Amino acid sequence: MLTAEGCAARRQRLLTRLNPSQPMVLTDPLHLRYLANFHVDPFSLGADFGGLLQIRPDGTTTLFHDHRLPRSVDASHVDKREVVKWYDGVSPGQGPRRTVLKPVLDALGGRVHDSLTDPLSDSLFQAVGEMRRVKDDDEVSLISTCCRVAEVGFVWAREHVEAGLTEIDIYTGIFSACSRAAGQPVIVYGDFAVSPGSSRRGGPPTTQVLADGDTLILDFSVVLQGYRSDFTNTLVVGGAATPRQEQLFQLCVEAMSAGERHLRAGVQGREVYDGVRDIFKDAGLADAFPHHAGHGLGLSHPEAPFLVKQSLETLVAGDVVTLEPGLYLEGVGGIRIEHNYLITETGFERLSNHTIALK
């Protein structure tokens, strides 16, 4: 999880940038996770409900939240927590649940600084967005944990994918494997889809039945405490890839290696994209690569930097990014692979270690 030291350091960096003269009150769930490790377990009756985080100019903090939120909020890193009663299971609830914190907000001055209507919001969101590019050690550790859990899901898939199963069967197996590996229910979302080519490059699982020769794209994320991994492998159902499928796969592997040669601080996103696309262009398949070459990753998906043709964003040490080359040809199938990387001053550290292979 995020550490108390990491949260305190991020709050201090934010205060240094904004230099507020009055206490700030924040409610955006991403801000509360990033700055205070306030995470509401989504597998609970408290899912979708949050809190108020007050950060004073001297750095001290108070967190206010509904008392019926799950135990995950006990891990928040703040100086003081104020728990507000809403419903005790015996007497009627105190109005609609989302109004439980309104008296608290009124007492704090009635101002939410990360509301889009607040004068400070533009500066605040820009500052936090730029800060989030440079991942702290506790953030990288949590993303790495997400990777380890997701890797177990990929192992399950390589051992169990076969003709006759449905896409939902595959999703269910991966979800179960990841939950067991994490020792708790986890969010698993993404693409669990047979791709015949450009007409379907991914998507959520359906009742479609897998057949030998199908290319099954598994591009999924595991989410823990709001942070996530995001990487991909494509399997040929039955394991007998055609020569054309093998060719597309090898081109994707070459494109990933080409992109990796550009992964270091100071490189523009479009350079990474061009490095990936040039492999496909030289093979006469540039038009079969219709999407980004990768993107940033962390508390949201995707997030900056964006590795696209027009990107002038520059990679910085501390970025966590993906590379995901893919090719999609009707009658052959769609193939996509992906790894996750931590950008350093001189190169990268690869965070994901799953097997990339068609069988």
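These figures come from a predicted structure and were not determined experimentally. Position 1 is the first residue of the sequence; numbering continues from there.
Ring geometry, Phe38 versus His65: the interplanar angle falls from 30° to 60°, so the pair is classed tilted. Relative ring orientation between Trp156 and His160 is described as parallel, the plane-to-plane angle staying below 30° on a 0-90° scale split at 30° and 60°.
A donor-acceptor contact closer than 3.5 angstrom is absent between the side chains of Tyr341 and Glu349. When only modelled atom types and interatomic distance are considered, Asp169 and Thr166 share a side-chain donor-acceptor pair under 3.5 Å. Under 3.5 Å, the side chains of Gln268 and Thr314 contain no donor-acceptor pair of N or O atoms. No side-chain donor from either of His262 and Asp274 sits under 3.5 Å from a side-chain acceptor of the other. Defined by atom type and a distance below 3.5 Å, a donor-acceptor pair is present between the side-chain atoms of Glu330 and Ser199. Side-chain contact of Glu260 with Ser257: a donor-acceptor pair under 3.5 Å is absent, judged by distance alone. A donor-acceptor contact under 3.5 angstrom links the side chains of Asp219 and Thr232, judged on distance only.
With Asp114 contributing its side chain and Ser121 its backbone, the two residues share no donor-acceptor pair below 3.5 Å. Counting only distance, with no hydrogens or angles, the side chain of Thr355 and the backbone of Ala357 share no donor-acceptor pair below 3.5 Å. Looking at Gln12, its side chain never comes within 3.5 Å of a backbone N or O of Ala9 through a donor-acceptor pair. Counting only distance, with no hydrogens or angles, the side chain of Asp136 and the backbone of Asp138 share no donor-acceptor pair below 3.5 Å. The closest donor-acceptor contact from the side chain of Thr172 to the backbone of Ile168 lies under 3.5 Å. Between the side chain of Thr99 and the backbone N or O of Lys102 there is no donor-acceptor pair closer than 3.5 Å. Of the possible polar contacts, one joining the Ser221 side chain to the Ser229 backbone as a donor-acceptor pair under 3.5 Å is found. With hydrogens and angles disregarded, no donor-acceptor distance shorter than 3.5 Å links the side chain of Tyr34 to the backbone of Leu299.
By the 4.5 Å heavy-atom criterion applied to side chains, His339 and His354 are counted as neighbours. Looking at heavy atoms from C-beta onward, Leu14 lies in side-chain contact with Met24 at the 4.5 angstrom threshold. No side-chain heavy atom of Leu329 sits under 4.5 Å from any side-chain heavy atom of Ser198. Within the 4.5 Å cutoff, the side chain of Leu2 has heavy atoms near those of the Glu139 side chain. Side-chain contact between Pro23 and Pro57 is present, with at least one heavy-atom pair separated by less than 4.5 Å.
Using a cut-off of 4.0 Å between Lys/Arg side-chain N and Asp/Glu carboxylate O, Glu303 and Lys135 are scored as salt-bridged. The existence of a salt bridge linking Glu82 and Lys80 is confirmed by a sub-4.0 Å separation between a basic side-chain nitrogen and an acidic carboxylate oxygen.
Listed by first then second residue, pairs satisfying salt bridge (charged side-chain N to carboxylate O under 4.0 Å, His left out) with a partner in residues 305-322 read Arg133-Asp319, not counting sequence neighbours. For the salt bridge (charged side-chain N to carboxylate O under 4.0 Å, His left out) condition, the pairs that include at least one residue of residues 180-201, sequence neighbours left out, are Glu167-Arg200, Asp191-Arg336. Listed by first and then second residue, the side-chain hydrogen bond (donor to acceptor under 3.5 Å, both in side chains) pairs involving residues 38-56 are Gln54-Arg56, Arg56-Thr60, Arg56-Thr62 (not counting sequence neighbours). Screening residues 280-292 for side-chain hydrogen bond (donor to acceptor under 3.5 Å, both in side chains), with sequence neighbours left out, gives His291-Tyr328, His292-Glu324.
Applying the ring-ring contact (aromatic ring centres under 6.0 Å, His included) test to Phe43 and every residue at least two apart in sequence or in another chain returns nothing. Scanning for salt bridge (charged side-chain N to carboxylate O under 4.0 Å, His left out) contacts around Glu254 gives an empty result, with sequence neighbours left out. Listed by chain and residue number, Phe154, Phe192 satisfy the ring-ring contact (aromatic ring centres under 6.0 Å, His included) test with Phe220 (two or more places apart in sequence, or in another chain). Every residue was checked against the ring-ring contact (aromatic ring centres under 6.0 Å, His included) condition with Phe249, not counting sequence neighbours, and none meets it. Every residue was checked against the salt bridge (charged side-chain N to carboxylate O under 4.0 Å, His left out) condition with Asp122, not counting sequence neighbours, and none meets it. With sequence neighbours left out, the salt bridge (charged side-chain N to carboxylate O under 4.0 Å, His left out) criterion links Arg17 to Glu130. In this view, Phe306 satisfies the ring-ring contact (aromatic ring centres under 6.0 Å, His included) rule with no residue, not counting sequence neighbours.
Taking Ile, Leu, Val, Met, Phe, Trp and Tyr as hydrophobic and joining them when side-chain heavy atoms fall under 4.5 Å apart, one finds Leu101 in a cluster with Val25, Leu52, Phe64, Val84, Trp86, Tyr87, Val100, Val104, Leu105, Leu108, Val112.
Both Leu30 and Val140 belong to a common hydrophobic cluster when Ile, Leu, Val, Met, Phe, Trp and Tyr are linked at side-chain heavy-atom distances under 4.5 angstrom. When the side chains of ILVMFWY residues are joined at heavy-atom separations under 4.5 Å, either directly or via intervening members, Tyr227 and Val186 end up in a single hydrophobic cluster.
The side-chain tip of Arg264 does not point at the ring of Phe348 from less than 6.0 angstrom away and within 45° of straight on.
No more than 12 heavy atoms of other residues, nucleotides or ligands shown are found within 6.0 angstrom of CG on Asp137.
A distance of 11.5 Å separates OG1 in Thr322 from CD1 in Ile337, rounded to the nearest 0.5 Å. In this structure, Lys359 NZ and Asn233 CG are separated by 13.0 Å, a value rounded to the nearest 0.5 Å. Taken to the nearest 0.5 Å, the CG atom of Leu120 stands 6.0 Å off from the OG atom of Ser123. From Ser76, atom OG reaches atom CE of Met1 across 9.5 Å, with rounding to the nearest 0.5 Å. Within the model, atoms CZ of Arg11 and CG of Asp79 stand 6.5 Å from one another, a figure rounded to the nearest 0.5 Å. Between the CZ atom of Arg111 and the OG1 atom of Thr117 there is a distance of 9.5 Å, given to the nearest 0.5 Å.
Leu358 approaches Ala241 most closely through the heavy-atom pair CD1-CB, 3.9 Å. Shortest non-hydrogen contact noted between Phe280 and Leu251 is CE2-O, 3.6 Å. In terms of heavy-atom proximity, Ala177 sits nearest to Val152 at O-CG1, 3.8 Å. Residue Ala255 comes nearest to Pro325 through the heavy atom pair CB-CB, 3.9 Å, listed as atom of the first residue, atom of the second, then distance. Nearest heavy-atom pair across Leu35 and Cys7 is O-CB, 3.3 Å.
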Stepwise salt bridge (charged side-chain N to carboxylate O under 4.0 Å, His left out) test for Asp74 and Arg81: CA-CA 9 Å; Asp74 294 345; Arg81 280 202 300 146; 3.2 Å; yes
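In this structure, His301 has its ring center closer than 6.0 angstrom to the ring center of Tyr189.
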